[in-house]
Structure formats: structure tokens, C-alpha cells
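Let me begin by presenting the structure, written as C-alpha cells, before commenting on it.
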Amino acid sequence: MRFVFVVLLLLMATQMASADITETYGWEGTETILSMYPVDGLIATIDTDPVHGGSQSLRLERLSSSTPQGYVAWIVGLSDGDEVTCSFWRYDDTPGVAPSCRIWAHWNDDPGDVNGHAGSASGNTDYGEGLGWDEVSWTWTVVEGHTGLVIEARVYSNPGDIIWVDDMTVIAPDGATIWTPGNLALQNSTWADIKAAF
Ligand SMILES: [Ca+2]
């Protein structure tokens with residue numbers, strides 16, 4: 001009996017240690033990106049063609065000569081050894097040449113400011129085949145005391161280049177907080193509602 005109890009405890013502990021939280025976003029609302037770099041480096045809009053899932057996608061048009069980063073997710077409350085995985089579908093139909101899209105990220109150790117920057121966290125160097133929709137994914141392991149990560153959709157390589165993004169999934173350890181354009185807007189409107197009520 002005691003053995004069974006110990007095994008149950010171990011199973012519970014294993015499950016608790018491996019618990020993850022997941023957020024998805026498919027650009028079905030009005031929110032586009034959390035922020036960008038450089039300022040005015042791209043135009044982010046909701047589009048209806050092409051679409052991977054639902055009836056809308058994110059359209060990113062490059063304006064700047066330096067690679068623009070559209071911030072599509074922001075994870076806070078991380079610590080060393082934590083793993084964050086993000087995937088999204090990207091659309092480009094120009095094999096081997098621009099426009100192209102990459103999933104990338106940078107550290108942000110300021111949980112109060114999405115524009116905080118604490119160094120590049122690298123990402124997936126693959127540009128995809130350029131044959132339409134293609135799912136791209138990357139996993140980051142937290143190091144050097146960083147506490148937050150901002151996931152970027154990057155647009156290559158010239159002003160005027162356009163790519164589309166849809167159906168994003170972010171997985172982070174239990175205890176972290178995942179902000180997507182949709183749930184951050186929801187949170188902000190909730191705060192506004194609370195303030196308005198007083
Ligand atoms: Ca969609």
C-alpha cells in the first residue's frame with residue numbers, strides 16, 4: 001500500500017514538473033502584433049487572402065532596409081533551463097528568393113515593457129521552400145538569468161516585401177505568462193473596463 005502511494009506521489013510530481021501552458025492565436029480578431037523593431041519598420045494588417053486557418057491572417061509588409069521584426073508573442077516569468085516553443089504558419093510563394101519569413105526571438109528581461117531588449121536569442125535560420133504555406137517552429141532554452149522572451153516574425157529582404165503569418169502556437173512552462181496580440185488586447189481592455197468602473 002505504501003509503495004502504491006509513493007508511486008502515485010512520484011507520478012504527480014512528474015506531471016507537475018512537466019506541466020506546460022499553451023496559447024494559440026490565428027489573427028481572427030482585430031489585433032495584429034504586440035510591437036515591432038525598428039519603429040515603423042513594417043506595416044502589420046489583418047488580411048483575408050491568403051489564409052491558413054479560419055478566415056483571416058497576419059500580413060506583414062517590410063518598409064525598412066534593416067530587417068523588420070514583428071513581435072507576435074511575449075513570454076514572461078521564465079528562469080534558466082525553461083523551454084519555450086513557438087510555431088506558426090508562414091506564406092511565401094517565391095522559392096529561393098525574397099520575400100521570405102523567419103521565426104526569431106530576443107530576450108526581454110523587463111516584464112513591464114514589451115519593447116525591452118536584452119540581446120538576441122537566435123532562431124530558425126530556415127527560410128522555407130517558398131511554395132505557399134509552411135509551418136516553422138523553434139525551441140528556446142532560457143540561459144544566463146533571462147526572464148522573458150519576445151518571438152519575432154521577420155521579413156526578408158527588401159522594402160516592399162510582403163509575407164503572411166497564421167495559426168501560431170506558443171508552449172511555455174507552467175508559471176510563465178504568454179502574451180499574444182489577442183490576449184494582451186483582452187487584458188488591456190479588461191484593465192480599462194476595471195478603471196472605468198471606478
Ligand atoms: Ca487565421
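Order of appearance sets the numbers: ligands from 1, and atoms from 1 within every ligand.
Ion pairing between Arg90 and Asp134 holds under the 4.0 Å rule for side-chain N and carboxylate O.
Between Thr32 and Trp27, the shortest heavy-atom contact is O-NE1, 2.7 Å.
In this structure, Leu42 CG and Leu60 CG are separated by 5.5 Å, a value rounded to the nearest 0.5 Å.
Checking Asn115 against Ser35 by side-chain atom types alone, a donor-acceptor pair falls below 3.5 Å. No side-chain donor from either of Ser87 and Ser137 sits under 3.5 Å from a side-chain acceptor of the other.
For the Ca ion (ligand 1), the nearby protein N/O/S atoms, meaning those under 3.0 Å, are Gly26 O, Glu28 OE2, Gly53 O, Gln56 O, Asp166 OD1, Asp166 OD2.
Ring geometry for Trp133 versus His52: interplanar angle over 60°, hence perpendicular rather than tilted (30 to 60°).
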